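Just so you know, these numbers come straight off a predicted model, no measurement behind them.
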Amino acid sequence: MLFRSDTLRLCDIYKNINEALVAPEKVENLELFIDKSGNNFNKFSESLSLFQNLRKLVLINSHGLKLKLPAEIWNHTKMEYLLLDGFWGESLDGLEKLSNLKFLSLDGFSLKSFPSQVLGLKKLTVLDLSMNLISQLPNDISQMTALRELELTNNCFTEVPSEIASIQNLEYFTMNNADFGGPIPNGESNICLNSFTKFPEVFSSMKKLKHAGIFYNEHIDPAFKKKIKSSFKWIKFS
């Protein structure tokens, strides 16, 4: 899932925290792959208040370190793009203050329910909640009128949630699975595998939907999949 505003495309990308700290007031786009020691993340956390003009932030914790998100992160209200990956069990209290967000990815947070803080983000266009433990969407997701892309890969749904029909401008919807399930890096919970057996009637009323990525287990009759594609010809399936 890709998103960049025209202005963000023009920003210099900083991928080294030491380079970014040379002139932090000039940094608008910071993408940090956290190292095995976590030292670059610690330095980032300690100096976060210096990045007053931050508009895009990417933090990827691919080594599964137990790291605490700094509360200061929620004070950067100029932020338009936020991608946080691998912060298992971290609190999202304060996220609602980022009212200018257009892109939000909370991949691998062990979320058991849809984060209520997201509902008030009126400018949000893209939402990625992959690799969590969510099994239901809230009824009031309908208030997310700017949302065009919703990614729910590797959660715990057993059918396509009917609530997506109330997202009036949704164009891209994905609930595929990665090629694996099992323990997540912190060892405290398991990765779910969305697995559907019911026909997704919900798509009937979603005339603005352009693309849907949905997973049916390998034992489903191919004729069932063919029926889905023939019933919703305006949607491209993958």
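Residues Glu31 and Leu83 fail the side-chain proximity criterion, which asks for heavy atoms closer than 4.5 Å. Inter-residue side-chain proximity for Tyr14 and Pro24 is flagged as unmet; no heavy-atom pair is nearer than 4.5 Å. You'll find the side chain of Thr145 reaches within 4.5 Å of the side chain of Gln168, heavy atoms only. Pro115 is listed as a side-chain neighbour of Leu129, based on a closest heavy-atom distance under 4.5 Å. When side chains are defined from C-beta on, Leu106 counts as touching Leu95, because their heavy atoms get closer than 4.5 Å.
Contacts of Ser45 classified as side-chain contact (heavy atoms from CB on, under 4.5 Å), with partners at least two apart in sequence or in another chain: Phe41, Pro70. Contacts of Lys78 classified as side-chain contact (heavy atoms from CB on, under 4.5 Å), with partners at least two apart in sequence or in another chain: Asn53, Arg55. Residues passing the side chain to side chain donor-acceptor pair (under 3.5 Å) test with Asn18 are Lys43, sequence neighbours excluded. With sequence neighbours excluded, no residue forms a salt bridge (Lys or Arg N to Asp or Glu O under 4.0 Å) with Glu163. For Asn75, the side chain to side chain donor-acceptor pair (under 3.5 Å) criterion is met by Glu72, Lys97, not counting sequence neighbours. Residues forming a side-chain contact (heavy atoms from CB on, under 4.5 Å) with Glu90 (at least two apart in sequence, or on another chain): Lys68, Leu69, Phe87, Phe109. With sequence neighbours excluded, the residues forming a side chain to side chain donor-acceptor pair (under 3.5 Å) with Ser91 are Asp93, listed by chain and number. Residues passing the side chain to side chain donor-acceptor pair (under 3.5 Å) test with Lys208, sequence neighbours excluded: Asn169. In this structure Lys26 satisfies the salt bridge (Lys or Arg N to Asp or Glu O under 4.0 Å) test with no other residue, sequence neighbours excluded. Looking at residues two or more places apart in sequence or on another chain, you find a side-chain contact (heavy atoms from CB on, under 4.5 Å) between Asn100 and Lys123.
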Check your understanding: Are Leu67 and Leu59 close enough, and set up right, to give a side-chain contact (heavy atoms from CB on, under 4.5 Å), and what steps lead you there?
Key -> CA-CA 11 Å; Leu67 301 172; Leu59 296 175; over 6 Å; no
Exercise for review: Start with the C-alpha distance between Leu121 and Leu127, add both sets of side-chain angles, then the distance that settles side-chain contact (heavy atoms from CB on, under 4.5 Å), and finish with yes or no.
Suggested key: CA-CA 10 Å; Leu121 301 177; Leu127 176 60; over 6 Å; no
Exercise for review: Let me see the working for Phe33 and Asn40 under side-chain contact (heavy atoms from CB on, under 4.5 Å), right down to the final yes or no.
Suggested key: CA-CA 9 Å; Phe33 284 79; Asn40 60 344; 5.9 Å; no
Review point. Would Asn176 and Thr174 count as a side-chain hydrogen bond (donor to acceptor under 3.5 Å, both in side chains) if you check the C-alpha gap in whole Å, the side-chain angles of each, and the deciding distance to 0.1 Å?
Key: CA-CA 6 Å; Asn176 285 328; Thr174 308; 5.6 Å; no
Practice item. Apply side-chain contact (heavy atoms from CB on, under 4.5 Å) to the pair Val126 and Tyr81, showing each step before the final yes or no. Key: CA-CA 9 Å; Val126 179; Tyr81 186 120; over 6 Å; no
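In plain terms, the two heavy atoms of Leu54 and Leu30 that are nearest each other are CD1-CB, 3.9 Å. Minimum heavy-atom separation, Asn61 to Gly86: ND2-O, 3.0 Å. Taking each heavy atom of Pro200 and Ile214 in turn, the nearest pair found is CG-CD1, 4.5 Å. Residue Met144 comes nearest to Ile167 through the heavy atom pair O-CG2, 3.8 Å, listed as atom of the first residue, atom of the second, then distance. Of all heavy-atom pairs spanning Asp35 and Ser37, the tightest one is OD1-OG, 2.9 Å. The two residues Ser110 and Trp88 have their closest heavy-atom pair at OG-CE3, 3.6 Å.
Going from atom CZ of Phe44 over to atom CG of Leu50 covers 11.0 Å, rounded to the nearest 0.5 Å. Atom-to-atom distance recorded for Thr77:OG1 and Gln52:CD is 9.0 Å, nearest 0.5 angstrom. Atom CG of residue Leu104 and atom CD of residue Glu151 lie 12.5 Å apart, to the nearest 0.5 angstrom. Rounded to the nearest 0.5 angstrom, Thr125 OG1 and Arg148 CZ are separated by 7.0 Å. One finds the OG atom of Ser130 at 9.0 Å from the CG atom of Asp85 (value rounded to the nearest 0.5 Å). To the nearest 0.5 Å, atoms CD1 (Ile60) and CG (Leu32) are separated by 9.0 Å.
Counting non-hydrogen atoms of neighbouring residues, nucleotides and ligands closer than 6.0 angstrom, the CD atom of Gln136 reaches no more than 12 such neighbours.
A salt bridge (Lys or Arg N to Asp or Glu O under 4.0 Å) check over residues 109-122, counting only residues at least two apart or in different chains, returns nothing.
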Donor-acceptor pairs under 3.5 Å, side chain of residues 229-238 to any protein atom, not counting sequence neighbours: which ones?
from, atom 1, to, atom 2, distance (Å)
Ser230, OG, Lys226, O, 3.2
Ser230, OG, Lys227, O, 3.0
Ser231, OG, Lys227, O, 2.7
Trp234, NE1, Met206, O, 2.9
Ser238, OG, His211, NE2, 3.2

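Side-chain contact, Ser105 with Asp107: no donor N or O sits under 3.5 Å from an acceptor N or O.
Remark: the backbone N or O of Gly38 is not paired with any side-chain donor or acceptor of His63 at under 3.5 angstrom.
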